[in-house]
Amino acid sequence: MEYAFNGKEGIEQKWQEKWKQAHAYRVNNVSDKPKYYVLDMFPYPSGAGLHVGHPLGYIASDIYSRYKRLKGFNVLHPMGFDSFGLPAEQYAIETGQHPAATTEKNIETFKKQLDKIGFCYDWDREVRTSSPDYYKWTQWIFLQLYNSYFCSTLQKARPMADLLQQYETAGSKDFTAAEWNAFNEKEKSEWLMKRRLAYCGYGEVNWCEALGTVLANDEVVNGVSERGGHPVEKKKLRQWYLRITAYADRLLHGLTTVDFSDAMKEMQSNWIGKSSGAEIDFAIKGSDRNLRVYTTRPDTIFGVDFMVLAPELDLIQAIQSEAQSKAVEEYIAYVKSRSERERMAEKKISGCFTGAFAIHPFDGREIPIWISEYVLAGYGTGAIMAVPCGDERDFAFAHYYGIPITNIIGDFYTGEAANATKDAVLEKSGFLTGLLMRDAIEVAITAIEEKGIGTRKVNYRMRDAAFSRQRYWGEPFPITWKDGIASEWKGDLPLRLPHVDKYGPGPDGAGPLANIPEWVAQELETNTMPGYAGSSWYFLRYMDPHNAASFCDRKASDYWNQVDVYIGGTEHAVGHLLYSRMWTKILFDLGWIGFDEPFKKLVNQGMIQGSSRFVYSISTVGGTPPNHFQPFEFLISNDIIQQYASLFDKNKEEAVEFIKNKVNKLSVSRSFTADDFSSISFTPHRVPVEYVDGVNLDMAALSRFRNDYSKATFVVEDGGEYICGIEVEKMSKTKYNTVNPDELCEKYGADTFRMYEMFLGPVEQSKPWDTKGIEGVHRFLRKLWRLFNNDIKGAVWTNEKATDAELKILHRSIKKIEEDTEKFSFNTAVSAFMICVNELGDVKCHKKEVLEKMLILLAPYAPHIAEELWQQLGNEGFVIDATFPKFDASLLTESSKEYPISINGKVRANMSLSLTLTQEEVEAAVTANETILKWLDGNPPKKIIYVKNKMINVVI
RNA sequence: ACUCGAGUGGUGGAACUGGUAGACACGCAGGACUUAAAAUCCUGUUCGCAGCAAUGCGAGUGUGGGUUCAAUUCCCAUCUCGAGUACCA
């Protein structure tokens, strides 16, 4: 019998169907086994389908889930779709198809592709964020946030009702109870809005004109939108926000309780950006207003040489001098004229003196007040005290405008550049003189507080998250507006997204829902929620996916508890992961769930990049050179002859020489002259990777691919081959570098594909895809198959008793594979399988006793072949319900071993010694050995180092 | 610019807590079987030098130093690549 993995008769399809029919992967919420929750980051179902990069993490999690199940756990391993979001709507606008329809279609494609790889998902638990049964609860959770506030004394969320009661009976720091009760509805609603965890307010938002919506900070990269790369500008708009800043400290602290990579923790804590320091008030000369600045270095207060305000501050108008008012006005106008992108692209020093002076609180110096765009209005107080000797930016500014610099750190400051050290002893610093800077910080804050001119202050870089989108394809807010007062929608959830035929924006920057008369008539909120709303809690819904009475029954969430392993890419480091951590904390605070960190352990799989292949067209007539491609300078051809030269690894000179030697030998429509070569150039063109074997182009196939290649002449290497250029870049259809998993599954089988993806290298590592090595893994599976079956003779496995040697091979593999799987080192585990099968093949071991255990080890990695052979051995039930074999250490012990003996690290001989020796016994044996003593020339050894089970080194 | 992470054969990558670097696989070369091909199997494969040969000698984990009997692993400096942040006071 042959290893027939594919096709209708193939074992892979056969078992996939049987598993499905038998509901082999159904998971029950009631079990006497310990639970284990393995989660993938669910995909956004894009129209492009899967490429080989997507399944990497899914394969890893599938292997781990199956492994845990074999180890006796009740494993939850679900899958679903993040099906609300911008791209579906953009696609709808472009093609006129309804996003509901395209999303549905895309999901079907995704599921079909995923099923081919043989994952053990419990599809009965599938969730889709765009389904009303699901977003009903997204809306419900939103209302929980809307109806809660963050209590700063308890550091947790509490119902708004508690706050209201407090206001009514005791008032607050802003008003008395009596004042509160006298407020009208609108005033009350505004005060309450200031505390809600999901609140509506005016603020500067990232507005993307091309997409017609606002974006959260993490959706903006380098001043352009993450999706589509459209420019983003700041705009003041009414928006919904999540008060994530209230949770900053807990999000930071929570990081110490979870098992995330250090890099991930650092990314999150950098994003939160906690800094502690002080806010200090400076009096302003001739004004009754104060200037409040924020600094993390109050120890440098005697080094202040000027103050800088963000140009947006209102205070400027109040303090500027008559003489400077025109200059100030012009500068502010200039700043306003600059877009966010320009500001980022060219960071040049600019600013303007206001004519006003602040008074130093300790030495009474007059300090000039400047404005400059390098100070951000949104952070701290929007004003800083500038200490040029200690801060680079302040130094550059002072240098540029010729402001005199005070040195308070002695030799640490050279006059050439600022020095941000904390290790200097302060000079010329009044009562701080003589103190070490890091100690002076506390002393300064105390003095400031005692003097009543400032307070200790903690700041965060993180802003509240913009939570509304002016788009159609998202969850509607269950909120109505009347006379500018927001209130909860009175109907039963879900508030369904109405069907529309057009997705154009509504009036005045409102979303498409504003175009629907029935919607507007009900005074419903016309914004929708952002893509991350549904994905912030989906891991909870999997636990209890069909519950119509609750987002997730407390019993279910208590049972499944935290996600034990969460697998996904790093791209969600500061978005999704922070939001879902926040939502979990709120649901925990309100008592709906019993844990406040959603993910116990996070594994970040690397990205699989595409490896694009290039051909180069030759042109001898000038044009405009695109400058993005190295190492040649390319000109666009307007020559009619299409010639493509093999230029891999050649530099420009070599390439020209190559063409010179080759081109005139070809029968082309005209020959080249020396003149042509002076202006020769090459233009790269991506060609589909499937037409290239390694770097070798299949020229015939490419000629059939597109019309312009059919007339092409290929300038080839001496051997007749065309060598393509290579560049590693993102895998994408438009770059012709995608590799489809379906085709690989068809050609080699899902098992080969799964193992090969793992064999490529550590899951965490990013790497370009290369199909070349897949044969090796495939060969391994066929070798394994032949241990059971012979192509001609049929079954060859026997019931004979295994020898010690055979058991040793098996148990060494059990140990290695168990260890590797446990620590997600799947690539080395695959190697261990290969070694094991090679060794069993070498000793011609066909014994059931050994092979059966092998199959269980293999089942997580290559479930189809394992299942087939498992049944061939006559087993009842699926291999996934087997028990992971127990490693028997006693089988691996040896009574004695040849040890290399070295002197000062240099190996001299081997010596046979018992394995159970202790350090002392080894020393005795070595010093008693005459040969060794001879080497030592009678000198006693200084030290004898015995590295367990490896070697013995004698140091002299 | 700052903060992390990584640099190992022709290639992907192994190497426990410092302990015989290059496992496993690809590729390549040679061979067996075959009329032939495919498939399969065997041998070799870090580099240099010497030898008919088994083998021996030397170098070798980006570069330059250091600690150690012993360094891919630890320390210092430096270069290159990747990721994140980007005026956060």
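In what follows, chains are A, B, ... by sequence order, proteins preceding strands, each numbered from 1.
Residue contacts shown for A:Asn827 are limited to sugar-phosphate atoms, with no base heavy atom under 4.0 Å away. Using a 4.0 Å heavy-atom criterion, one finds that A:Val308 contacts no nucleic acid atom at all. Looking at heavy-atom distances under 4.0 Å, A:Ile835 makes contact with sugar-phosphate atoms alone, never a base. No engagement by A:Asp770 is indicated, since no non-hydrogen atom pair under 4.0 Å with the nucleic acid exists. Base contact: A:Ile945 has a heavy atom under 4.0 Å from a base atom. Contact annotation for A:Lys783: backbone-only contact, meaning every heavy-atom pair under 4.0 Å involves sugar-phosphate atoms and none involves a base. Here A:Thr570 lies out of heavy-atom contact (under 4.0 Å) with every strand. No contact: A:Glu392 has no heavy atom under 4.0 Å from any strand.
The gap from the C1' atom of B:G65 to that of B:G82 amounts to 27 Å, rounded to the nearest Å. For B:C42 and B:C24, the P atoms lie 13 Å apart once the distance is rounded to whole Å.
For A:Ile384, whose side chain is taken as the heavy atoms from C-beta onward, the closest listed nucleotide among B:C4, B:A89, B:U85 is B:A89. With distances taken from any side-chain atom of A:Ser831 to the nucleotides B:C24, B:G13, B:U85, the minimum falls on B:C24. Of the candidates B:G12, B:A89, B:C69, B:C69 carries the atom nearest the A:Lys943 side chain, counting heavy atoms from C-beta on. The side chain of A:Pro762 has B:G13 as its nearest neighbour among B:U3, B:U40, B:G13.
Under the Watson-Crick and G-U wobble criteria, each requiring two contacts below 3.5 Å, nucleotide B:U20 is left unpaired.
A:Lys265 has its NZ atom 24 Å from the P atom of B:A83, to the nearest Å. Across the protein-nucleic acid pair, A:Tyr3 atom OH and B:U40 atom P stand 13 Å apart, rounded to whole Å. Nucleotide B:U85 holds its C1' atom 14 Å from the OH atom of A:Tyr379, rounded to whole Å. For A:Asn838 and B:C42, the CG to C1' distance is 13 Å, given to the nearest whole Å.
Between A:Gln765 and B:G13 there is a side-chain polar atom (N or O) within less than 4.0 angstrom of OP1 or OP2. Look at A:Arg786 and you'll find a side-chain N or O under 4.0 angstrom from OP1 or OP2 of B:C41.
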